[in-house]
Amino acid sequence: MTYSLIAHDPDTGEIGIAVASRFFACGAAVPYVGPRTAAATQAFANPVWGTEGRRRLEAGETAQDVIADFTERDEGRDIRQCHMMDAAGHFAVHTGKDCVDWAGHKLGTHHSVAGNMLAGPDVVDATFDAYLSAPDMPMAERLLHAMQAGERAGGDKRGRQAAGLVIHRGQEHAFLDLRVDDHADPLAELTRLLDVAGERYLHLAPVMPTAANFSGLTDRAPIDAAIRDAEQKRIAEGRPSQSFATDTSID
């Protein structure tokens, strides 16, 4: 009932997952990302494949070994689907034999795609190929570019409802985590949210505290200056704000 994409940029270290489904809140149910690893659990999703999987992958176990253990232990293995990336950047996947057609997956060097209840194999192929075709895009835009290609190829055969996008930059906490839980066009709404994030949030996120820099940047001046510059550029280009936020200016 879902298709998802796991990607790793070896140059920046970024790890991202994007997901879309005719299933409520798939952005909360499917992706599990850590500083070095990722897992996407779907079909008749088992969240423990995500929580335990991420913990074990971060501890150094291979994705193949974790998947093999889970399929041995889980009596629901035949209706599960999960793909994972371990700390060495290697991928593994399980698509249960009783996942609803069409169900399948495709693994690459730095990304993987898996899906079930899809219109057909073209969804996985289009998503996989579109990600490869856009190496110069920032991670978030590249993930959405690929997911939109999958949707154009048919997406979830039941329709659309929810989508999610999460990116980590070497920390336990997410650099970016956007979710659309119930919407007629969730990938379009996710694209709008990413545009809104670019107005303010994405100027703050890179300087937030990290494990190595507990305080992060505490001077607001350069952040505010970057936000002002971005706003002036947007206005000069004739692009209105996509945000629904109320005006907080004080006369």
> Given Val100 and Lys157, is the side chain to side chain contact (heavy atoms under 4.5 Å, CB included) satisfied, shown in steps?
Replying inline: CA-CA 11 Å; Val100 178; Lys157 67 182 181 181; 4.2 Å; yes

Could you tell me which non-hydrogen atom of [X] sits nearest to which non-hydrogen atom of [Y], and how far apart they are?
X: Ser215; Y: Pro209; value: O-CG, 3.5 Å
X: Ala92; Y: Ile67; value: CB-CG1, 4.0 Å
X: Ala18; Y: Leu165; value: CB-CD1, 4.2 Å
X: Leu176; Y: Ala140; value: CD2-CB, 4.1 Å
X: Ala153; Y: Asp122; value: CB-O, 3.6 Å
X: Tyr32; Y: Ala29; value: CE1-O, 3.6 Å

> Where do Lys233 and Asp229 land on the side chain to side chain contact (heavy atoms under 4.5 Å, CB included) test, with the steps shown first?
Replying inline: CA-CA 6 Å; Lys233 180 181 179 182; Asp229 289 346; over 6 Å; no

Pairs flagged by ring-ring contact (aromatic ring centres under 6.0 Å, His included) wherever [range] is involved - sequence neighbours left out:
range: residues 209-242; value: none
range: residues 51-97; value: Trp49-Phe70, Trp49-His94
range: residues 221-245; value: none

Once side chain to side chain donor-acceptor pair (under 3.5 Å) is applied, do any residues pair with [X], and if so which ones, sequence neighbours excluded?
X: Glu14; answer: Thr12, Arg169
X: Arg73; answer: Glu52, Asp69
X: Thr37; answer: Glu58
X: His168; answer: none

> How far apart are the C-alpha atoms of Tyr3 and Val124, what are their side-chain angles, what is the distance that settles it, and do they pass the side chain to side chain contact (heavy atoms under 4.5 Å, CB included) test?
Replying inline: CA-CA 8 Å; Tyr3 69 108; Val124 166; 5.6 Å; no

Euclidean distance, [Y] [atom2] relative to [X] [atom1], rounded to 0.5 Å:
X: Leu202; Y: Ile227; atom1: CG; atom2: CD1; value: 10.0 Å
X: His145; Y: Ser133; atom1: NE2; atom2: OG; value: 3.5 Å
X: Phe44; Y: Asp98; atom1: CZ; atom2: CG; value: 12.0 Å
X: Leu143; Y: Leu190; atom1: CG; atom2: CG; value: 9.5 Å
X: Ile15; Y: Ile167; atom1: CD1; atom2: CD1; value: 11.0 Å
X: Phe128; Y: Leu107; atom1: CZ; atom2: CG; value: 7.5 Å

Could you check whether any side-chain N or O of [X] sits under 3.5 Å from a backbone N or O of [Y], counting only pairs where one atom can act as donor and the other as acceptor?
X: Asp86; Y: Thr62; answer: no
X: Gln161; Y: Phe24; answer: yes
X: Arg158; Y: Arg22; answer: yes
X: Gln81; Y: Gly104; answer: yes
X: Lys106; Y: Thr127; answer: no
X: Gln42; Y: Val19; answer: no
X: Thr71; Y: Arg77; answer: no

>> With side chain to side chain contact (heavy atoms under 4.5 Å, CB included) as the criterion, how do Gln148 and Thr191 come out once you've worked through the C-alpha distance, each side chain's angles and the decisive distance to 0.1 Å?
In response: CA-CA 10 Å; Gln148 288 161 341; Thr191 301; 3.0 Å; yes

>> Could you work out, with ring-ring contact (aromatic ring centres under 6.0 Å, His included) as the rule, every residue matching Tyr131, not counting sequence neighbours?
In response: His111

Joint hydrophobic cluster, [X] plus [Y], side-chain heavy atoms closer than 4.5 Å:
X: Val33; Y: Leu144; value: no
X: Val93; Y: Met84; value: no
X: Ile6; Y: Phe175; value: no
X: Leu178; Y: Met208; value: yes
X: Leu194; Y: Leu187; value: yes

> Take atom CD in Glu72; do more than 12 heavy atoms of anything else shown fall under 6.0 Å from it?
Replying inline: no

> Around atom CD of Glu172, are there more than 12 heavy atoms of other residues, nucleotides or ligands at under 6.0 Å?
Replying inline: no

> salt bridge (Lys or Arg N to Asp or Glu O under 4.0 Å): which pairs involve residues 205-223, sequence neighbours left out?
Replying inline: Arg220-Asp224

> Can you list every salt bridge (Lys or Arg N to Asp or Glu O under 4.0 Å) pair that touches residues 134-155, not counting sequence neighbours?
Replying inline: Glu151-Arg160

> Under 3.5 Å, is there a donor-acceptor pair linking the side chains of Asn213 and Thr210?
Replying inline: no

>> Just to verify, what does Asp74 make a salt bridge (charged side-chain N to carboxylate O under 4.0 Å, His left out) with, not counting sequence neighbours?
In response: Arg80

> Quick one: side-chain hydrogen bond (donor to acceptor under 3.5 Å, both in side chains) pairs with a partner in residues 196-207, sequence neighbours left out?
Replying inline: Glu199-Ser241

>> What I'd like to find out is whether the side chain of Pro222 reaches to under 4.5 Å of the side chain of Leu217, using heavy atoms alone.
In response: yes

> Less than 4.0 Å between a side-chain N and a carboxylate O, is that true for Glu189 and Arg192?
Replying inline: yes

